[in-house]
2 protein chains.
Amino acid sequence: MHLQSPPRTIPVDGPANRVYAPAYNRLQNTTGCKNRKEAGAVRQGASCDGLVMDMTIRKLAQLAGTSYSTVSRALNDSPLVKDSTKRHIQSLARQLGYQVNSSAKSLATGMQMNVGLVYPFHSLRPYESAYTSQAISRMRRELATHGLDALVAGYGGGEGPTDDITRLLRQKKVAGLIIFGYEVSRPQVDALLRLDAPFLLINPAPGIEDAPCHQIRIDHELGGYLAAQRLIAAGRRRLLCVTEAGEQFDVRLRGFARAVADAEEAITWDTLTIENGLYETAYDTVAAHLDEVRACDGVFAQSDLTSIGVLNCLLDTGVPVPEQISVVGYDDIEWAQYTRPALTTIHQPVSEVARLATDAIAAVIAGTQSDQYVEKLQPTLVDRESC
Amino acid sequence: MHLQSPPRTIPVDGPANRVYAPAYNRLQNTTGCKNRKEAGAVRQGASCDGLVMDMTIRKLAQLAGTSYSTVSRALNDSPLVKDSTKRHIQSLARQLGYQVNSSAKSLATGMQMNVGLVYPFHSLRPYESAYTSQAISRMRRELATHGLDALVAGYGGGEGPTDDITRLLRQKKVAGLIIFGYEVSRPQVDALLRLDAPFLLINPAPGIEDAPCHQIRIDHELGGYLAAQRLIAAGRRRLLCVTEAGEQFDVRLRGFARAVADAEEAITWDTLTIENGLYETAYDTVAAHLDEVRACDGVFAQSDLTSIGVLNCLLDTGVPVPEQISVVGYDDIEWAQYTRPALTTIHQPVSEVARLATDAIAAVIAGTQSDQYVEKLQPTLVDRESC
DNA sequence: CTGAAAGCGCTTACAG
DNA sequence: CTGAAAGCGCTTACAG
C-alpha cells in the first residue's frame with residue numbers, strides 16, 4: 001500500500017533559488033497532534049460498531065491508496081475522479097462510516113449546511129405558538145431532504161440587528177435563515193440585506209413587503225374577507241372583531257370590512273382590542289366586556305388561541321355557541337378541531353409554506369435562485385361547528 | 001501602527017543550516033485568497049451598520065496593533081493577557097461587531113457550541129407532540145444562557161445507530177445531545193456510549209434505565225398511582241385505562257394497580273389498548289367500544305392528546321363528564337386547561353426538566369460533570385374539572 | 001484523472 | 001505577558 005508520507009518529491013537540499021521552501025503538508029501528523037483537546041470533547045479513537053469516530057479523509061486515503069485530494073473529490077462526487085476510483089473510495093467510506101467534519105468543510109467552503117429557523121421571542125409565553133411549532137416541525141423535515149439541518153433561534157422585538165438574527169449568519173453557523181417575520185422590523189431586514197446573506201421571510205408585516213428579499217406571504221386580507229363572509233352567510237348581522245393592535249392585524253380587518261361592504265344585508269361591526277394574543281388575555285377581556293360581546297351575534301378572533309379564549313369565556317358564561325354567537329378563528333392549528341364546538345377557522349397553509357420556504361432557501365443557498373422569490377398563498381375557510 | 005506583515009524576523013537568505021525554512025504564517029493573505037467561494041455564500045466585505053461581515057482576528061490584530069494570538073487570547077478572556085490589552089481588544093471587537101467564525105473555532109477546539117435536541121420521529125403526525133414542542137421551546141432558551149445553540153433532529157424507531165442520533169455528533173455539528181428517549185433503543189444507547197460523547201436521556205424507557213449514561217427520569221409509576229388515587233377519591237369504582245402497548249406505559253399501569261390495591265374500597269379495573277397515541281385513534285377506539293367504556297365510571301388515559309380523544313368521544317355521544325364518567329389525563333400540556341370540562345391530569349414537570357437537562361448537558365460538555373447524572377422527578381396531579 | 005500545495009480562521013504549546 | 005509557529009480537517013487552483 002502506498003502511504004502518503006513521506007512525500008517522495010522532497011528535494012534533499014531544497015531548491016537553491018528559493019529562499020523559502022514550500023511548507024509540505026504535514027502528512028506525518030495523523031497521530032501526534034500538538035494541540036491538546038479533551039474536556040468533554042469526544043474521545044479520540046472511540047469507535048462505534050466498527051465505525052471510528054475520528055476517521056478523516058487522510059486515513060481514508062491511506063486505506064484507499066490515493067491522495068486525500070482524490071478522496072475529497074470522490075466523496076463530493078467530482079466528475080474529475082475516475083469512476084472506479086470513486087466507487088472504491090465511496091464504498092470504503094460507507095463501510096467505515098466516515099462522516100465529514102462539518103466544521104472543517106465549512107471553514108474550507110465558507111458555508112455551513114444548517115439553516116436557522118428564527119421566530120419571534122414572546123416573553124409572555126414559555127413556549128412558541130402552536131402555529132410556529134407546527135411550522136418548525138415540518139420545516140425541519142423538509143430541510144433534511146436537502147441535506148440541511150435546522151438550528152432554532154428566537155428574536156426579540158426591536159432590539160436592532162445584533163440579535164440572533166444576524167449572529168448565526170455572522171458566526172457562520174448557518175448558511176441561511178428562514179424568519180417568521182411578523183414581528184421583524186424594517187431596520188432588521190435592511191441589516192440582513194446589507195449582509196447579503198440568504199434569508200427568507202415568512203409572513204412579513206405589511207411594512208416589509210416591498211423590501212427586495214425573498215418572501216412567502218399569506219393573503220391575510222383574503223383571510224379576513226373569508227371570515228366575514230362566513231359569518232354573514234350564517235346570518236350574522238352584528239359582528240365583533242377581537243384583535244390585537246398591529247399592522248398585520250389591520251390587513252385582516254381590511255378584508256373583513258370589504259366583505260361587509262360587499263354584503264347585500266345591513267351589517268354592523270365593531271372591534272374589541274386585546275393587549276396580546278394570550279388565551280388568558282382574550283378570556284379576561286371578553287369577560288370584562290361581556291355586555292358588548294353579548295350584543296353581537298358573530299365574533300371573528302385573530303388567532304385560534306384567542307378564539308378559544310373567546311369561546312371558553314362564552315361557554316363558561318352560558319352563551320351557546322354557535323346558537324347565539326358564532327365564532328370564527330384564524331390559523332387552523334391542530335387544536336382547533338378538538339374544541340367543542342369544533343372551531344370554524346381560517347386555515348393557513350402551514351405545510352405548503354414549510355415546503356416552499358424550505359425549497360426556496362435551499363435554492364438560494366445553492367445559488368440556483370438568484371432573483372427575488374415571492375410567493376403569495378391563499379388561506380381557506382375550514383367549516384366546523386362554531387359558526 | 002505596527003502591522004504584522006511582513007514579519008520582521010524573516011532572514012533574507014534563509015538559515016543555511018535548515019533545509020526547510022518554517023512556513024511563516026501567511027500574514028500577507030488577508031485579501032487575495034486562492035480558494036474561491038461565492039455561490040450563495042455571504043459576499044466578502046459586505047457590511048452592516050459599520051459591522052463588517054468578514055472581520056477576522058487577523059484584521060482585529062492589525063487594528064489593535066498586536067499579534068492575532070493575543071487577540072485570540074483576549075477574546076477568550078485568557079488570564080495570560082494584560083488587562084489593559086484585553087480591554088482594548090475587547091472594546092475594539094465590540095465596536096466592530098466582530099463575531100467568531102464558529103467553524104474555525106470548532107475545528108481548532110474540536111467542539112461546536114451546539115447541542116442537538118433529538119426526539120422520536122412519528123411518521124403518523126406531521127408535527128411533534130405538544131409535550132415535545134413545549135420542551136424543545138424551553139430548552140432552546142435555557143441553552144442560550146449557556147452560549148449554546150439548539151439544533152433539532154429526529155430519530156426513527158429502531159433503525160440502528162446510523163440515525164441522526166450519531167450523525168450530528170460524528171459530523172461535529174454538536175457538542176452533545178439531549179435525547180427524548182422514550183423510544184430510543186438499548187443498542188442505540190450502547191452505540192452512543194461507545195462514542196463516548198456527551199448525551200443525556202430524558203424519560204428513557206424502563207429497559208434503558210440501568211445504562212451508565214446521564215438521565216432525567218420521571219417517576220411514571222407515581223404518575224399512574226396519582227391518577228388512580230384521584231379517580232378513587234372521586235368515588236369511582238369501575239376504572240378503565242386507555243393505553244398504548246409499551247414498557248413505558250406499563251410502568252404507569254403498575255402504579256395504577258398499586259393505588260387500586262392500596263384502596264380500601266373494592267375497585268375493578270380494565271384496560272383498553274389503542275394502537276397509537278393519536279387523537280383520532282383514541283376517539284375511534286372509544287367509539288368502537290362504547291358499551292365497555294360506558295360500563296366504567298372513570299378513565300385514565302396515557303396522554304393528554306389521548307384523553308381529549310376520549311373526552312370528546314364521550315361528550316359527542318352524550319356521556320356527561322365528569323358526572324357519569326371521570327377522565328384523568330397525562331402530561332399536562334398547555335391545551336389541557338382549554339378543554340371543557342378542563343382536563344384533570346398528571347403534570348410532567350417540563351420546565352424543570354428543561355432547566356435541569358440543559359444545565360446538565362452544559363456541565364458535561366464543559367467537563368464539569370464527570371460522573372453519571374441521574375435525576376428522578378415526580379409528577380404531580382393537576383385538579384381541574386374532568387374528574 | 002491525480003497529487004502536492006495553499007488556504008479557510010481559529011487555538012494553543014512553545015519559546016522568549 | 002506576547003509573538004511566531006503548527007495544527008484542526010477539509011476544498012480547490014495549479015501543475016502535471
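Remember, predicted model here, so these are calculated numbers, not experimental data. So you know, we letter chains A, B, ... as the sequences are listed, proteins then strands, and number each from 1.
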Enquirer: Which is more 5' along DNA chain D, the nucleotide nearest A/N76 or the one nearest A/L80? Just name the residue.
Expert: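 It is A/N76, whose closest nucleotide lies nearer the 5' terminus.
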Enquirer: Which whole-number value in Å describes the distance from A/L107 CG to D/dT11 P?
Expert: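 Rounded to the whole Å, the gap is 11 Å.
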Enquirer: Indicate whether OP1 or OP2 belonging to D/dG9 is found under 4.0 Å from a side-chain N or O atom of B/K172.
Expert: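 For B/K172, the contact criterion (side-chain N or O under 4.0 Å from OP1 or OP2 of D/dG9) is not met.
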Enquirer: Hey, which sits more toward the 5' end of DNA chain D by its nearest nucleotide, A/V71 or B/K86?
Expert: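 On the 5' side of the pair lies B/K86.
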Enquirer: Quick one: are B/L200 and B/L177 in side-chain contact, heavy atoms under 4.5 Å?
Expert: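 When only atoms from C-beta onward are counted, B/L177 and B/L200 do not touch, as no gap falls below 4.5 Å.
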Enquirer: Verify, without hydrogens or angle tests, whether B/T145 (side chain) and B/E142 (backbone) share a donor-acceptor contact under 3.5 angstrom.
Expert: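 Checked: pair present.
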Enquirer: May I ask you to verify if any side-chain N or O of A/N101 is less than 4.0 angstrom from the OP1 or OP2 atom of D/dC8?
Expert: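 No, no such contact exists.
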Enquirer: Return the value, rounded to whole Å, for the distance between atom NZ of B/K59 and atom P of C/dC8.
Expert: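 It works out to 10 Å between those atoms.
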Enquirer: Measure CD/B/Q99 against P/C/dG9 and give the value in whole Å, please.
Expert: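 The answer, rounded to whole Å, is 15 Å.
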Enquirer: Are side-chain heavy atoms of A/T70 and A/K86 found at a separation under 4.5 Å?
Expert: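 Result no, sub-4.5 Å side-chain heavy-atom pair not found.
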Enquirer: Measure the distance from CD1 on A/I89 to C1' on C/dG3 and round it to the nearest whole Å.
Expert: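 Rounded to whole Å, this separation is 12 Å.
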Enquirer: Between D/dC8 atom C1' and B/I57 atom CD1, what is the distance in whole Å?
Expert: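 In whole Å, D/dC8 C1' and B/I57 CD1 are 14 Å from each other.
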Enquirer: Measure from the side-chain heavy atoms of A/A104 and tell me the nearest of D/dT11, D/dC10, C/dT2.
Expert: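 Side chain of A/A104 sits closest to D/dC10.
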Enquirer: Does D/dT2 have its OP1 or OP2 closer than 4.0 Å to a side-chain nitrogen or oxygen of B/S67?
Expert: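 Result: no.
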Enquirer: Given D/dT12, is OP1 or OP2 found less than 4.0 Å from the side-chain N or O atoms of A/Y68?
Expert: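 No, outside the criterion.
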Enquirer: Is A/T85 touching bases, backbone alone, or none of the nucleic acid, heavy atoms closer than 4.0 Å?
Expert: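 The answer is sugar-phosphate, as A/T85 gets under 4.0 Å only of primed atoms, P, OP1 or OP2.
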Enquirer: B/M113 has an atom CE; how far is it from atom P of C/dC10, in whole Å?
Expert: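 Between P of C/dC10 and CE of B/M113: 16 Å.
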Enquirer: Is the shortest heavy-atom distance from the side chain of B/N101 to the side chain of A/Q171 under 4.5 Å?
Expert: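 B/N101 vs A/Q171: side chains apart.
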Enquirer: When rounded to the nearest Å, what value does the distance between P atoms of C/dG9 and C/dA13 take?
Expert: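 So the two P atoms sit 23 Å from each other.
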Enquirer: For D/dC14 and D/dC10, measure between their P atoms and round to the nearest Å.
Expert: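 That atom pair is separated by 24 Å.
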Enquirer: Mind telling me whether B/Y119 and B/F180 have parallel, tilted or perpendicular rings, with 30° and 60° as the class edges?
Expert: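 Geometry flag for B/Y119 against B/F180: perpendicular rings.
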Enquirer: Taking A/Y155 for the side chain and A/V118 for the main chain, is one N or O donor matched with an acceptor at less than 3.5 Å?
Expert: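 No, A/Y155 side chain to A/V118 backbone: no donor-acceptor pair under 3.5 Å.
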Enquirer: Between B/C213 and B/V189, is there a side-chain heavy-atom distance shorter than 4.5 Å?
Expert: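 With C-beta onward as the side chain, the pair touches.
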Enquirer: From C-beta outward on B/R73, which listed nucleotide comes closest to its side chain: D/dC10, C/dT11, D/dT2?
Expert: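 For the B/R73 side chain, the nearest candidate turns out to be D/dT2.
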Enquirer: Just jot down the salt bridge (charged side-chain N to carboxylate O under 4.0 Å, His left out) partners of A/K173, sequence neighbours excluded, or say none.
Expert: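 Scan of A/K173 (salt bridge (charged side-chain N to carboxylate O under 4.0 Å, His left out), adjacent residues dropped) gives B/D149.
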Enquirer: Over how many whole Å does the gap from A/L60 atom CG to D/dT11 atom P extend?
Expert: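 Whole-Å distance recorded here is 12 Å.
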Enquirer: Rounding to a whole Å, what distance do you find between A/R58:CZ and C/dG3:C1'?
Expert: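 Atom-to-atom, A/R58 to C/dG3, this comes out as 13 Å.
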Enquirer: Tell me whether the side-chain N/O atoms of A/T70 come closer than 4.0 Å to OP1 or OP2 in C/dG3.
Expert: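 Checking C/dG3 against A/T70, a side-chain N or O does come within under 4.0 Å of OP1 or OP2.
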Enquirer: Between B/S69 and D/dA4, is there a contact of a side-chain N or O with OP1 or OP2 at under 4.0 Å?
Expert: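 Checking B/S69 against D/dA4: no side-chain N or O falls below 4.0 Å of OP1 or OP2.
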Enquirer: How does DNA chain C look in dot-bracket notation if pairs are Watson-Crick or G-U with both distances under 3.5 Å, crossing ones as [ ], other-strand ones as |?
Expert: |||.||||||||.|||
